[in-house]
Asks: 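Dropping a structure here in structure tokens format, bear with me for questions.
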There are 2 protein chains.
Amino acid sequence: MRADAARNREKVLVAARELFAEQGFDVPLDEIAARAGVGPGTVYRHFPTKQALFQAVTEARVATMIASADEPAEDPGRALFAFLSRMADEAAAKRDMSDAITVPSELRDRLHTALGGLLQRAQQAGTVRTDITTKDLVALMKGMLQSMHEGANPAVLLEIVLSGLQSSRKP
Amino acid sequence: MRADAARNREKVLVAARELFAEQGFDVPLDEIAARAGVGPGTVYRHFPTKQALFQAVTEARVATMIASADEPAEDPGRALFAFLSRMADEAAAKRDMSDAITVPSELRDRLHTALGGLLQRAQQAGTVRTDITTKDLVALMKGMLQSMHEGANPAVLLEIVLSGLQSSRKP
DNA sequence: TGCCAACCGGGGCGTGCGTTCCGTATCGTC
DNA sequence: GACGATACGGAACGCACGCCCCGGTTGGCA
């Protein structure tokens, strides 16, 4: 790979990281190119599609989270809650985390699977109500993460969801 | 107003009601026109903008809900929960309810205000945790309603949110 | 029945975006 | 230092959508 190509690839990644974090996946690709000081065509020389660029930017962080979710925990309930808290924290700080759970990609599917595993183990441990499915949890998180970018208090939202997950019947 | 004009206006309203319910606010206006059997121009003769059409379609239902929310209740906690349940039911059946809380309009603002009133009274009655604001509640509902169109179980989601709102500290 | 105003349809404009194409500039090698 | 491969930039394409315009049509009143 030519030196200038590598340099440009890096500039694109840096710009994308910043803008995806600030504005989420919806940021126009031309804006990323502009911030990187290159043309849109250059972006496409390095990444075949916008999704691919997004995945390249979020890959490391999300993969780390998934790995931590997959390792066995002594308290599955705590493990799930910790994971959700971490997602909430990330989402509160960077707008791309809430899109990582939404934008179609192999990474997103792995994230969903990891969530499903955590949920199942927490349910088997009796910490979380059993009438909730992976799909429900993903939908709930999707909604919660999105809500965080609309001026709501992240900590309060998280508390509500966590205490709602607790296994208990209707009041 | 000419007879054919009134007839077309009605056809547009019917088509818009169906399509907004099925696909939400994002349905292309041309599709509404096509379903109504008229041209896009005709739609704009009767409604100055897409938002105006949307408001005309949702006005009656939302206004009714707001009215029911504003009348005093003996149990403010139950009143809030009933209202949220009703919103969830509507949203589960029709995709436009979850957009009524989002699409900018004077109607949406009234809905937010009504929610705020319900929340405040429930908090004063001690049924709902006091560290949540109107903005938080709106964001939470926004997320929950959106989640309902992604295959999640509406009843379970609602239960989680309601039990999370209950005034209690962290586990 | 004839006339005019009101209304209709749909083609078209402007915009924004993801993506592609190609003439030009640049890098790295011989 | 020259040459070929490689990469660059940005103009342009295709698409989708909200919205407007205009030639033709239709409805209702005299």
Side-chain angles (χ1 to χ4, degrees), chain A residues 1-59 95-96 98-100 102-108, chain B residues 1-58 95-96 99-100 102-108:
Chain A
M1 171 130 80
R2 250 167 62 170
D4 56 345
R7 214 179 316 131
N8 277 329
R9 195 190 139 92
E10 209 50 42
K11 285 199 290 183
V12 168
L13 277 173
V14 169
R17 202 165 354 250
E18 291 174 6
L19 285 173
F20 280 143
E22 288 170 17
Q23 309 184 36
F25 182 74
D26 278 346
V27 66
L29 195 133
D30 290 28
E31 204 170 315
I32 297 177
R35 162 102 58 136
V38 304
T42 302
V43 176
Y44 280 94
R45 177 165 319 277
H46 296 292
F47 304 95
T49 182
K50 195 186 174 188
Q51 274 95 351
L53 175 58
F54 184 76
Q55 171 150 356
V57 161
T58 49
E59 174 84 55
R95 220 170 146 345
D96 54 354
S98 34
D99 287 333
T102 302
V103 174
S105 79
E106 165 257 353
L107 193 61
R108 180 201 62 169
Chain B
M1 170 134 77
R2 253 167 62 167
D4 57 343
R7 212 178 318 129
N8 276 330
R9 195 191 138 92
E10 208 51 40
K11 286 199 290 183
V12 168
L13 277 172
V14 169
R17 205 169 346 255
E18 289 173 9
L19 286 173
F20 280 144
E22 287 170 18
Q23 308 184 37
F25 182 74
D26 278 347
V27 67
L29 195 131
D30 290 27
E31 204 170 315
I32 296 177
R35 163 100 60 133
V38 303
T42 302
V43 176
Y44 281 96
R45 178 166 316 278
H46 296 293
F47 305 95
T49 182
K50 195 186 174 187
Q51 275 93 353
L53 175 59
F54 185 76
Q55 170 150 356
V57 161
T58 49
R95 216 165 152 349
D96 54 353
D99 287 332
T102 303
V103 174
S105 78
E106 165 257 355
L107 193 61
R108 180 200 62 169

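Below, chains carry the letters A, B, ... as their sequence lines are ordered, and counting in each starts from 1.
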Asks: Can you name the residues that form a side-chain contact (heavy atoms from CB on, under 4.5 Å) with Arg95(B), not counting sequence neighbours?
Replies: Ser98(B), Asp99(B), His149(B)
Asks: Taking only residues two or more places apart in sequence, or in another chain, which ones meet Thr49(A) in a side chain to side chain donor-acceptor pair (under 3.5 Å)?
Replies: Gln51(A)
Asks: Taking DNA chain D as the partner, which of residues 1-8 of chain B come within under 4.0 angstrom of it by heavy atom?
Replies: Arg2(B), Ala3(B), Asp4(B)
Asks: Let me know, please, whether Pro40(A) or Pro40(B) comes out on the 5' side of the other along DNA chain D by nearest nucleotide.
Replies: Pro40(A)
Asks: Does anything in residues 45-56 of chain A reach DNA chain C, meaning a heavy atom under 4.0 Å, and if so which residues?
Replies: Thr49(A), Lys50(A)
Asks: Does any non-hydrogen side-chain atom of Asn8(B) lie less than 4.5 Å from one of Val43(B)?
Replies: no
Asks: Name the first nucleotide and the last nucleotide along DNA chain D (5' to 3') that come under 4.0 Å of a heavy atom in chain B.
Replies: dC17(D) to dG28(D)
Asks: Just to be sure I understand the geometry, which residues of residues 10-32 of chain B put a non-hydrogen atom under 4.0 Å away from DNA chain C?
Replies: none
Asks: With salt bridge (Lys or Arg N to Asp or Glu O under 4.0 Å) as the rule and sequence neighbours excluded, what pairs involving residues 39-56 of chain A come up?
Replies: none
Asks: In chain order, what residues pass the side chain to side chain donor-acceptor pair (under 3.5 Å) check against Arg2(A), with sequence neighbours excluded?
Replies: Asp4(A)
Asks: Hey, where on DNA chain C does chain A first and last touch, going 5' to 3'? Cut-off is any atom under 4.0 Å from a heavy atom.
Replies: dC17(C) to dG28(C)
Asks: Name each donor-acceptor pair under 3.5 Å that joins a side chain in residues 20-40 of chain A to protein atoms two or more places apart or in another chain, with its distance.
Replies:
unit_1	atom_1	unit_2	atom_2	d
Gln23(A)	NE2	Glu31(A)	OE2	3.1
Arg35(A)	NH1	Glu18(A)	OE1	2.4

Asks: Quick one: pull up NZ in Lys11(A) and NE2 in His46(A) and give me the separation to the nearest 0.5 Å.
Replies: 10.0 Å
Asks: To check you understand the geometry: which heavy-atom pair defines the closest contact between Phe47(A) and Ala56(A), and what is its length?
Replies: CE2-CB, 3.8 Å
Asks: Residues in side-chain contact (heavy atoms from CB on, under 4.5 Å) with Arg108(A), at least two apart?
Replies: Pro104(A), Ser105(A), His112(A)
